[in-house]
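Have a look at the structure below before the remarks.
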Amino acid sequence: MAGAIEKRVIFTNDLDELSRIRDEIQDFIGDCLEYVERNRVILAMDEAIANIIKYGYPNGGRGTVELVMRRDDVRLEFVLTDDAVPFNPLELPDADLEHYHNTGASGGLGVYLYRRLMDVSYEPTPSGGNRLTLSRRINEGDS
Amino acid sequence: MAEPTLTLKDMTQGAVSVLAIAGELDAKTAPQLKAKLDAIVAGGVVKIVCDCAGLKYISSAGIGVLNAALSACKAKGGDIALAGVSKQIKDTLDVMYFTKKVRLFQKIADAVNEL
């Protein structure tokens, strides 16, 4: 993404951070998406970040996560790099929504949501953590 | 002290409890909603209208709590309906296919009458 606008945010694995990070993402997206589409991006990112915070650091472990946000005229990209336990969300099977609703389940759809709403890629980091990239095209007429 | 990101206020109208949900419903705040809904159901009220007019954001954690409570209420002959849902919140419910399971109303009174 040559010539892209970029912003870097660092946060700890604390659910109290979620609201602040959503605000950061909303400010970064600005007017390049209309508000329902902007909310979908914020939702996808919130799900990915909440999963890292809730499940990435078991047994009370502490960690920091880096979020790098980039945008140019055609694309939005968000890269999450953490030092959490290895987890490749692309290896999960598709969610069974009918089963979810019929059984009154209360969780487990976060990965489904961000995989549905964004283009997702994953790679392990050399230090044993994870790098998760969520991106989407900015279509004409979105803003 | 930071502003609370979720506020919950409930009021019983006959056999129906109206629960006003305002603010942000995410992985951090969803347990607060679960505790409130559990308390309402434990008090014997299984028909609940969630007034969502003040709800600014909902994630899968919030929808999960509503989904579980909806099943619990239906199992006891009750129901949960949502009122005053914004376009943005409805889109998230649609993405999760939750609008296929829960009834939405524009006005609280209409939801109360239908439950």
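We use all heavy atoms of the structure for the numbers below, so side chains are in, but hydrogens, waters and symmetry mates are not.
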Review point. Are A/Phe87 and A/Tyr57 connected in the hydrophobic side-chain network, where two residues link if heavy atoms are under 4.5 Å apart?
Key: yes
Point to revise | Region of A/Asp16 that comes under 4.5 Å of a non-hydrogen atom in chain B | key: both
Review point. In Å and rounded to the nearest 0.5 Å, what is the OH to CE distance from A/Tyr112 to B/Met96?
Key: 8.0 Å
Check your understanding: Is there a path from A/Leu134 to A/Leu33 through hydrophobic residues (I, L, V, M, F, W, Y) whose side chains come within less than 4.5 Å of each other?
Key -> yes
Check your understanding: Is A/Leu76 reachable from A/Val74 through a run of hydrophobic residues whose side-chain heavy atoms are each under 4.5 Å from the next?
Key -> no
Review point. In this structure, are over 12 heavy atoms from other groups packed under 6.0 Å from B/Gln106 atom CD?
Key: no
Review point. Quick check: are there more than 12 heavy atoms from other residues, nucleotides or ligands sitting under 6.0 Å from CZ of A/Arg62?
Key: yes
Review point. Where is the tightest heavy-atom contact between B/Ser59 and A/Asp46, given as atom of each residue plus distance?
Key: CB-OD2, 3.5 Å
**Study point:** For B/Ala27 against A/Ala50, the heavy-atom pair lying closest together
**Key:** CB-CB, 3.9 Å
Study note, to complete from the structure: Closest heavy-atom pair, A/Asn39 versus B/Thr92, reported as atoms and distance to 0.1 Å, is ND2-OG1, 3.2 Å
Point to revise | Over all atoms of both residues, closest heavy-atom pair of A/Ser19 and B/Thr5 | key: OG-CG2, 4.0 Å
Point to revise | Structural part of B/Phe98 lying under 4.5 Å from a heavy atom of chain A | key: both
Point to revise | Part of A/Leu117 within contact of chain B (heavy atom distance under 4.5 Å) | key: side chain
**Study point:** Separation of B/Asp26 CG from A/Ile21 CD1 (nearest 0.5 Å)
**Key:** 10.5 Å
Study note, to complete from the structure: Here the gap from A/Leu43 atom CG to B/Tyr57 atom OH, rounded to the nearest 0.5 Å, amounts to 4.5 Å
Exercise for review: Rounded to the nearest 0.5 Å, what's the gap from CG on A/Leu18 to OG1 on B/Thr29? Could you check?
Suggested key: 9.0 Å
**Study point:** Part of A/Arg22 lying under 4.5 Å from any heavy atom of chain B
**Key:** side chain
Revision key, fill the gap. The interface call for B/Leu66 against chain A, heavy-atom contacts under 4.5 Å, is neither
Review point. Would a hydrophobic clustering, with Ile, Leu, Val, Met, Phe, Trp and Tyr connected at side-chain separations under 4.5 Å, put A/Ile53 with A/Val85?
Key: no
Point to revise | Nearest non-hydrogen partners of B/Val95 and A/Arg116, listed with the distance | key: O-NH1, 2.7 Å
Check your understanding: In Å, rounded to the nearest 0.5 Å, how long is the span from OH of A/Tyr114 to OG of B/Ser60?
Key -> 11.0 Å
**Study point:** Interface moiety of A/Leu113 toward chain B, non-hydrogen atoms closer than 4.5 Å
**Key:** side chain
**Study point:** Ion pair A/Asp14/B/Lys28, N-O distance below 4.0 Å
**Key:** no
Check your understanding: Same cluster or not: are A/Val79 and A/Ile10 linked, directly or through other Ile, Leu, Val, Met, Phe, Trp or Tyr residues, by side-chain heavy atoms under 4.5 angstrom apart?
Key -> no
